[in-house]
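Quick caveat, the model's predicted, so the values are computed rather than measured. First listed ligand is number 1; within each ligand, the first listed atom is number 1.
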Amino acid sequence: MKIAFVIGTRPEIIKMSPLIDEVKHRGINYILVHTGQHYDHEMSQQFFTDLELEKPHYNIGVGSGAHGEQTSMMISRIEEVLLEEKPDLVLVEGDTNAVLAGALVAAKLHIPVGHVEAGLRSYDKTMPEEINRMVADVCTQLFFVPTLTTATNLLLEGVSPKNIFITGNTVVDACQRNLKIARKHSNLAGEIDPRANVLTLTLHRAENVDHPWRLSQIVNSLLELDDLTIIFPVHPRTAKNLHKFGLYRKLDEAPHVQIIKPMGYLEFLLLLSESHLVMTDSGGIQEEAITLNLPCITLRYNTERPETVEAGGNILVGTTQKKIVNSIRNILSDEDLYRSMKEASNPYGDGTASKKIVDIISEIESRGELKIEAPDFITGVTTTKLISVDQDINVSKFEDKYRGIVKIVFEDGKIIFPEPGLNLKDKLVLISGTEL
Ligand code: UD1
Ligand code: UDP
């Protein structure tokens, strides 16, 4: 078996790293394809160094550009690589343009796609990431989802539960493993004053930083929060726009705000672990915060990580100065609220997602099912029915009886994931098949 990993940006390098390690450890053949969407040393190479990853086999160097320009270049170059390398599986992670391009090319070449962190939905199609997630999931065969909530999103879009695997998120694997390494790294220790109320800030989402009013509201809130120490490793997109909108100097001159370059992963994990709060519009950092028991304030109006909000570790505050400042003051003045945010339980698993994913891939491959073949028999016409079940029968037996696939199970108004052994008595079952 040969696996092609397609990555392009900082978070993909981080979240794919435990999977690459696992594949390597098991002696599975693989290639690493970097689209080159992130190319600055501190947005790309630094993570290969920190995570001890070898150089990508291909760096197709697309660089920055408009969506069409960047994605079309990725599509044509990834296609060349996949035609040359003929992998048995393409793995993509998350929701960047690399995910859209990698999944689309592989699907058209009839190479199975495994989407790591599949099924996330913000239900906000103005986000480029939402389009990427949705298109990638149309092209995906193996959906490695972090939680039951994300699995449910896919069930509701008609994905067969047979192809959905709830594994947790590899961010936990990466975070746990690398924080230990970071703590051992002597030259990183002791740089943060433990007495300071440190708020770490990251910001890069297009809908915030390309928007002058929103960005200035966020900057004004930082200026107002002058009793905190704010550490702000600035993403290049944000740095560019802070300059463009005349906001950089204001922040730079504020003594309580430290604007610094994007940090390496080890250094950043250490900073998070020693911070009092994190404020962000990042996807990955919402997940890392709850993993590290760090209260998180999210500068967005929606999130594809609702589990963090439901668990109580994350609050969506939007981007107005008043709401941001009030929320932070509220969390800092209410010890019970702060403690409950810190103690929120992590919905993203126990750090074994990468092992689970490679186990699943290996098992499917050993059954000879890691392939896409055009049917050479008349498939029949698929119909879907809702059936109320009044007998003791599990999902597998029910599927045999009706020669179909149980797509969704409802009980008392709730959706239940149709595991093969689930007893269907007194439940409503949505089943699809050709002989119903
Ligand atoms: C991309 C992803 C986003 C992800 C983020 C992670 C898409 C559509 N967006 O956003 O989902 O959350 O990465 O950080 O795929 N730039 C540099 N140096 C670099 C990279 C970028 O200077 O190494 C600057 C360029 O001016 C570029 C801008 O940042 O135009 C935006 O970069 P781009 O890769 O297009 O999007 P991100 O905002 O990084
Ligand atoms: N990160 C980092 N250094 C930084 C800022 C972030 O190593 O200065 C890491 C962070 O730990 C997380 C990932 O980058 O794992 C998140 O990337 P980003 O916020 O750019 O993208 P998103 O997760 O929103 O797609």
Side-chain angles (χ1 to χ4, degrees), residues 7-18 34-47 49-51 61-71 73-74 92-102 117 120 122 127-133 135-136 169-175 178-179 182 200-210 231-244 258-273 275 278-289 291-292 294 296 298-300 303-305 348:
I7 56 168
T9 65
R10 161 169 88 179
E12 293 163 88
I13 306 169
I14 293 168
K15 288 175 170 176
M16 278 296 206
S17 69
H34 191 337
T35 65
Q37 177 172 347
H38 283 177
Y39 47 85
D40 287 346
H41 177 86
E42 58 269 21
M43 295 301 286
S44 179
Q45 179 53 46
Q46 180 66 53
F47 296 94
T49 307
D50 281 358
L51 297 162
V62 299
S64 301
H67 282 276
E69 183 192 1
Q70 197 181 51
T71 313
M73 214 188 284
M74 287 180 199
V92 293
E93 196 285 332
D95 54 19
T96 68
N97 288 346
V99 177
L100 167 66
E117 203 182 271
L120 277 67
S122 65
M127 292 179 75
E129 291 84 0
E130 183 75 354
I131 308 291
N132 292 344
R133 292 189 269 265
V135 176
N169 195 311
T170 60
V171 76
V172 182
D173 313 20
C175 196
N178 290 289
L179 184 59
T200 295
L201 168 74
T202 81
L203 203 58
H204 74 282
R205 205 58 55 208
E207 57 270 25
N208 285 340
V209 305
D210 293 1
I231 303 184
F232 182 16
V234 189
H235 187 287
R237 176 182 208 120
T238 311
K240 202 169 84 177
N241 287 343
L242 284 169
H243 285 292
K244 186 167 149 195
Q258 294 175 31
I259 306 190
I260 52 175
K261 279 181 148 191
M263 293 169 108
Y265 188 49
L266 299 181
E267 217 186 348
F268 187 72
L269 277 183
L270 207 53
L271 171 64
L272 282 186
S273 74
S275 297
V278 65
M279 187 155 85
T280 191
D281 60 10
S282 159
I285 295 170
Q286 292 174 64
E287 298 159 347
E288 284 167 351
T291 303
L292 296 169
L294 177 64
C296 182
T298 296
L299 299 168
R300 288 179 49 189
T303 178
E304 56 294 312
R305 276 99 175 160
Y348 295 116

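For ligand 1, the protein residues within 4.0 angstrom (heavy atoms only) are Thr9, Pro11, Gln37, His38, Tyr39, Asp40, Met43, Ser64, His67, Gln70, Asp95, Thr96, Asn97, Glu129, His204, Arg205, His235, Pro236, Arg237, Lys240. Under 4.0 Å from any atom of ligand 2, one finds heavy atoms of residues Arg10, Pro11, Ile14, Phe47, His204, Arg205, Pro233, Pro262, Met263, Gly264, Tyr265, Phe268, Ser282, Gly283, Gly284, Ile285, Glu288.
Contact annotation: the side chain of Glu287 approaches that of Lys15 to within less than 4.5 Å [non-hydrogen atoms, C-beta and beyond]. Two residues are said to be in side-chain contact when any heavy atoms from C-beta on lie closer than 4.5 Å; Glu117 and Asn169 meet this criterion. Between Glu129 and Glu304 there is no side-chain heavy-atom pair separated by less than 4.5 Å.
The backbone N or O of Arg300 sits nowhere less than 3.5 Å from a side-chain atom of Thr298 that would complete a donor-acceptor pair. Thr202 contributes no side-chain N or O that, together with a main-chain N or O of Thr280, makes up a donor-acceptor pair within less than 3.5 Å. Under the 3.5 Å distance criterion, the side-chain polar atoms of Asn208 are matched with a main-chain donor or acceptor of Leu299. Between the side chain of Gln46 and the main chain of Gly264, no donor-acceptor pair closer than 3.5 Å is present. Judged by distance alone, the side chain of Arg305 and the main-chain N or O of Gln286 form no donor-acceptor pair under 3.5 Å.
In this pair, His38 and His235 present their aromatic rings perpendicular. The plane angle is above 60°, beyond the 30 to 60° band.
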